[in-house]
Undergrad: 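Sharing a structure, written as structure tokens. Questions coming.
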Number of protein chains: 2
Amino acid sequence: MTLETLPRHKGGADELARLLARALLAGHWQPGDIFPKEMDIGTHFDVSRNQVRNALARLTSAGLLDRTAGRGTQVREMSDWHLLDPLMSEWMTGLTDLDPQLTRAIYAFRFSAEPVVAGLAAEAADAADIARLEAAFEGMQKTAQSAAARAQHAEYDVMFHDATYQASHNLVWRQMGHLLRPSIMALVHGSQHRTDTFDDSLSRHRRVLEAIVRRDAEAASFAAREVLRRTAIDLGIVN
Amino acid sequence: MTLETLPRHKGGADELARLLARALLAGHWQPGDIFPKEMDIGTHFDVSRNQVRNALARLTSAGLLDRTAGRGTQVREMSDWHLLDPLMSEWMTGLTDLDPQLTRAIYAFRFSAEPVVAGLAAEAADAADIARLEAAFEGMQKTAQSAAARAQHAEYDVMFHDATYQASHNLVWRQMGHLLRPSIMALVHGSQHRTDTFDDSLSRHRRVLEAIVRRDAEAASFAAREVLRRTAIDLGIVN
DNA sequence: ATGCTAGTAAATGTCTGACATTTATACAAG
DNA sequence: CTTGTATAAATGTCAGACATTTACTAGCAT
């Protein structure tokens with residue numbers, strides 16, 4: 001893979017890092033491949049070597065690349081990628097051609113983890129958490145009917161699940177809320193959007209909310225699993 | 001807080017980053033505090049501005065610091081720290097005066113997550129995973145008797161739990177294995193080391209191993225929770 | 001032929017100094 | 001009291017030279 005297919009960018013090192021990261025996440029380079037050298041990147045994008053080094057430093061700290069003096073820059077195995085780095089989530093969001101293996105892995109994680117998180121949320125949620133959950137749910141309701149509000153609906157969806165992670169009141173679980181946006185966004189494209197699907201999804205979300213409000217951990221856990229089950233089946237994670 | 005209490009270091013930017021990170025993780029600066037400026041750090045440790053910038057860039061990408069031109073460098077809230085960054089785990093290991101709030105949060109996470117992970121491991125473990133688990137368990141057995149092998153025993157302990165995460169065969173769960181070392185190491189100091197405690201712990205680990213070997217997800221999940229319960233009670237996470 | 005040993009080229013890592021940009025502060029004018 | 005401007009101080013960026021690590025090559029000796 002060469003650089004030539006990548007578009008020039010406008011902004012600074014952030015933008016450059018994002019551009020390169022997204023190419024990597026889409027699978028344009030294979031693990032073990034040699035990544036282009038600093039100078040080539042610099043001349044292609046017409047930026048200083050410093051910018052390139054800053055950008056590559058970010059990709060390296062996200063586990064995407066391995067750089068060693070003399071050898072060059074190498075693409076690391078997907079299992080070494082720091083999927084939980086917030087920067088990664090930022091890079092993944094809106095990427096329509098995200099590696100399917102990744103989409104599946106992240107969703108499988110959510111399918112196993114979110115029931116636990118919902119249970120914790122039911123035990124630990126305070127008034128502010130519940131207000132956030134309710135606001136997100138109402139947003140989902142308002143945007144469920146029109147096809148034009150699809151993007152907004154997804155945002156409220158993200159907000160609802162993120163509020164659940166926040167409500168767990170655990171520093172580690174809270175970090176994982178970052179994974180939600182790319183995971184939910186990646187599925188918006190591939191799924192059908194019949195109205196009854198939305199209605200069904202809404203009522204399942206409602207059950208999670210109600211269980212958390214009444215502090216019923218077991219019910220929240222069960223309901224959270226039901227929210228994710230249909231898509232889990234579609235992805236072949238569970239049968 | 002000033003720099004003056006920190007020892008000079010030997011190595012390069014890695015070492016410097018580690019030094020500063022550990023001071024932050026121990027709570028030497030409060031969230032919102034202004035961190036020393038590049039030049040001061042450089043003169044104190046007698047390194048170039050480049051090294052300082054590289055080190056600070058790592059702390060920034062770990063969510064520990066927030067840097068903006070003109071204002072300076074500020075310490076971020078603990079809730080913004082990227083606890084799941086592998087670098088963070090590296091910095092935390094062996095830190096005897098880790099912030100107790102962090103120790104508790106990480107253990108609470110494990111207490112809720114590891115039952116799920118063990119369940120997944122029971123479903124997905126292959127021969128190599130089971131070999132790793134058995135090797136780790138045997139190591140724990142061998143080092144359980146002598147007080148001199150305490151450090152080795154902790155290493156095998158880490159290996160056992162990490163092997164469980166690996167056996168889940170999920171890219172996201174696998175990343176979280178990094179948290180195990182600091183979590184387990186932080187507890188080695190505070191806990192009593194009576195022999196019957198070790199025996200008890202060993203038999204609980206054995207039940208996890210056996211459940212995974214016979215592919216019994218529910219039993220593995222239950223057993224994993226039993227492994228963690230005693231410490232969870234000691235830390236006040238559950239009663 | 002095989003294996004060892006320079007030697008060389010090419011890549012990333014580091015240092016230095018100058019300059020750019022952003023932010024907070026002080027001070028003066030309205 | 002508010003607004004605007006000048007100044008200082010901090011991080012951000014650039015450019016060039018040099019250092020270090022690594023892989024490859026050629027040549028020599030066994």
Undergrad: Going by an N to O cut-off under 4.0 Å, is there a salt bridge joining Glu90(A) and Arg18(A)?
TA: no
Undergrad: Show the distances under 3.5 angstrom between N or O atoms of the protein and N or O atoms of nucleotides 8-12 of chain C.
TA:
from	atom 1	to	atom 2	distance (Å)
dA11(C)	OP1	Lys37(A)	NZ	2.2
dT12(C)	OP1	Thr73(A)	OG1	3.4
dT12(C)	OP2	Glu38(A)	N	3.2

Undergrad: What integer distance in Å separates Phe45(A):CZ from dT13(D):P?
TA: 17 Å
Undergrad: Round to a whole Å and report the spacing from CG of Asn50(A) to C1' of dT16(C).
TA: 12 Å
Undergrad: Please list residues of residues 57-65 of chain B whose heavy atoms come under 4.0 Å from any atom in DNA chain D, ordered by number; otherwise none.
TA: none
Undergrad: Could you tell me which residues satisfy side-chain contact (heavy atoms from CB on, under 4.5 Å) with Glu77(A), sequence neighbours excluded, listed by chain and number?
TA: Pro31(A), Ser79(A), Asp80(A)
Undergrad: For Asn54(A), give me all partners under side-chain contact (heavy atoms from CB on, under 4.5 Å), at least two apart in sequence or on another chain.
TA: Ala13(A)
Undergrad: Once side-chain contact (heavy atoms from CB on, under 4.5 Å) is applied, do any residues pair with Glu38(A), and if so which ones, sequence neighbours excluded?
TA: Arg49(A), Val52(A), Arg53(A), Leu56(A), Arg67(A)
Undergrad: Using atom CD of Glu15(B) as one end and atom C1' of dG13(C) as the other, report the distance to the nearest whole Å.
TA: 17 Å
Undergrad: Can you measure Leu16(B) atom CG to dT14(C) atom C1' for me and round it to whole angstrom units?
TA: 14 Å
Undergrad: Regarding His178(B) and Ser89(B), is there a side-chain donor-to-acceptor distance under 3.5 Å anywhere?
TA: no
Undergrad: In whole Å, I'd like the distance from the CD atom of Gln51(B) to the C1' atom of dA19(D).
TA: 12 Å
Undergrad: Between Phe109(B) and Trp173(A), how do the two ring planes meet: parallel, tilted or perpendicular, split at 30° and 60°?
TA: perpendicular
Undergrad: Got a sec, which residues hit side chain to side chain donor-acceptor pair (under 3.5 Å) with Asp129(A), two or more places apart in sequence or on another chain?
TA: Arg132(A), His169(A)
Undergrad: Could you check Leu179(A), Ile237(A), Leu180(A) and say which one makes a side chain to side chain contact (heavy atoms under 4.5 Å, CB included) with Arg110(A)?
TA: Leu180(A)
